[in-house]
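Just below is one structure, and these are the notes that go with it.
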Amino acid sequence: MVASDIDRGHGALNDKKKRYSAFALARNAASYHQDWQRAWRKASPKASYDAVIIGGGGHGLATAYYLASVHGIKNIAVIEKGWIGGGNTGRNTTIIRSNYLWDESASIYEHALKLWEGLAQDLNFNIMFSQRGVLTIAHSEHELKEMSRRVHAIRLNGIDSDVMSPAEIKKFVPCINIDQSIRYPVMGGFVQQRGGTARHDAVAWGYARAADDMGVDIIQNCEVTGLRRKGRKIIGIDTNMGFIKTNKVGCVVAGHSSVMADMAGIHLPLASRPLQALVSEPIKPILDTVIMSNAVHMYISQSDKGEMVLGAGVDKYNSYAQRGSFPVPEHMIAAAVELFPFMSRLRMLRHWGGIVDTCPDASPILSKTDIDGLYFNCGWGTGGFKATPGSGHVFADLIANDRPNKIAAPYALSRFETGFLIDEHGAAGVAH
Amino acid sequence: MLQLPCPYCGPRDELEFSCGGEAHISRPLANNKISDAAFGEYLFLRDNPKGVFLERWRHASGCRRWFNVVRDTVSHDILEVYAMGSKPRRTAGKKAYNNSWRRTTAAEAAAVNK
């Protein structure tokens, strides 16, 4: 069911001078690395564009990149209020997987995973994509049974997924505690070996550099203050850098989607919530995979710098404050320490929050709106990073052709009228 | 961490409460004739303001009673607490109540308490 003939785009960074390679490194070493070119231009807005993408995170930059490379629409701008990749793109726990329960989800997340595989070559940028496996743990008989049912559903969609016994888990992750005497013992789990992590900043930078190379203007510190329309048609956007004329606007602003929708006078089924993450002090390599637990609700991996990277669920109330509440990290640390007792003596190095746009069915929205030329890509909630290339790829297709393709169609806003929800609450290991 | 003033028990830590989301969503009557779109609006669409927000909370680990809160979603300031079934009285809450798009929806118009 998953398309294998993805048009990955082409034409970026053909200029030998600009390409990153071992030779480029050697060439630049000769000039003491003083002559590296800027990865992207500092652009100021032109009077008009064929399309404007609001939001310079991974999804927005990927959308711009695929608009230019796949659809040949190169007169476009990416408008970013802060700096690119400074929002949730730089705040997530970088987990990538495609082991979702429903066909619609399998389709979009596997589309993304296939794009992740080879993305570094596509972008000529080392995104440090590491398919180290993602292991989801079960802590009860019932959870284990439900998990094996899910594994079969995932495999029917052609996505790799395997059940593991506690002994196999112990072999796969030697530092885990599988003692049956703990409050929530490890009863088994399932693994997606093709899952893993990538360097989140590099994803934003790689897409930005490749998009810029094809002529996309990346405009930072530019805040959208209004959407201008004539009747039911978008004619441009107002920003703190002035009016920009365009008849296609793609909103990819995560936690601020409702704010943008307000400007257009439309309503979305979203709640903006803080999602927190934290890292420990760096230690020597001990965990070479990603561990997720639904029941004790925590996910953990080790970064290349050696930090243990932890995340959990969203805070329980709406917020735009980019900081979370104390009980959430306390809960995730408690869960981590029970599964990995050695962590009890680690110190926390950093802790932060990002504002995610959660949807009632825990699935994203990729949709046209009642306003011609206004498109929304939002509602990714707690699990957007893994979808970055796929989201950008299908959203670019939606904007370019003004109709959703097969992958995007189920994610239209109309599902909240028809009731065809894609209920992924907990369906794929809950934690994203 | 928030400290919420439960109108029945006094100020307590956020841990004791559960948040019920947007307040003042009226359920349309079962026998009315609103469209699927209007019902979807009632069921799924939510006000999600950056700023003053009217929401319901429950003192889950205390008196277990529900109440309404006017809270700023940027500063987390709690501006007013008022009983279920009543409307905000202070300026910020009143303004948020009257300006919400929810007041103009077909589902609200079809609700019994309107």
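Hydrogens, waters and symmetry mates are skipped; everything else that's a heavy atom, side chains included, is used. A, B, ... follow the sequence lines: proteins, then strands. Residue 1 opens every chain. Fair warning: this is a prediction, and the values are worked out from it, not measured in the lab.
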Would you say [atom1] of [X] has more than 12 non-hydrogen atoms from neighbouring residues, nucleotides or ligands within 6.0 angstrom?
X       : atom1 : value
R89(B)  : CZ    : no
K233(A) : NZ    : yes
R403(A) : CZ    : yes
W101(B) : CH2   : yes
F326(A) : CZ    : no
Y184(A) : OH    : no

Q: Using atom types as modelled and distance alone, determine if a side-chain donor or acceptor of K316(A) lies under 3.5 Å from a backbone N or O of G20(B).
A: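 No, because the side chain of K316(A) does not come within donor-acceptor range (under 3.5 Å) of the backbone of G20(B).
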
Q: Could you walk me through whether Y317(A) and F53(B) pass the side chain to side chain contact (heavy atoms under 4.5 Å, CB included) test, one step at a time?
A: CA-CA 11 Å; Y317(A) 47 86; F53(B) 186 38; over 6 Å; no

Q: Counting only heavy atoms closer than 4.5 Å, note whether I355(A) contacts chain B via side chain, backbone, both or neither.
A: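 Neither the backbone nor the side chain of I355(A) comes within 4.5 Å of chain B.
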
**Q.** Part of L270(A) lying under 4.5 Å from any heavy atom of chain B
**A.**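 Interface part for L270(A): both.
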
Could you tell me which of [options] has the largest number of non-hydrogen atom pairs under 4.5 Å with chain A?
options                        : value
A38(B), P49(B), G21(B), G51(B) : P49(B)
A37(B), C19(B), G40(B)         : A37(B)
D13(B), D72(B), L43(B), L2(B)  : L2(B)

Non-hydrogen atoms of [X] and [Y] that approach each other most closely:
X       : Y       : value
V259(A) : K50(B)  : CG2-CB, 3.9 Å
A321(A) : H76(B)  : CB-NE2, 3.7 Å
F416(A) : F44(B)  : O-CD1, 3.4 Å
N48(B)  : Y320(A) : O-OH, 2.6 Å

Q | Distance, nearest 0.5 Å, that separates OG1 of T418(A) from CG of D36(B) | A |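 Here the rounded value is 8.5 Å.
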
(Q) Walk me through whether T73(B) and N318(A) qualify under side chain to side chain donor-acceptor pair (under 3.5 Å). (A) CA-CA 6 Å; T73(B) 58; N318(A) 291 14; over 6 Å; no

Q. When heavy-atom pairs shorter than 4.5 Å are enumerated against chain B, which of A261(A), G265(A), S325(A), G419(A) gives the highest number?
A.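 Option with the top pair count is S325(A).
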
Q) Is it the side chain or the backbone of S75(B) that comes within 4.5 Å of chain A heavy atoms, both, or neither? A)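 Interface part for S75(B): backbone (N, CA, C, O).
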
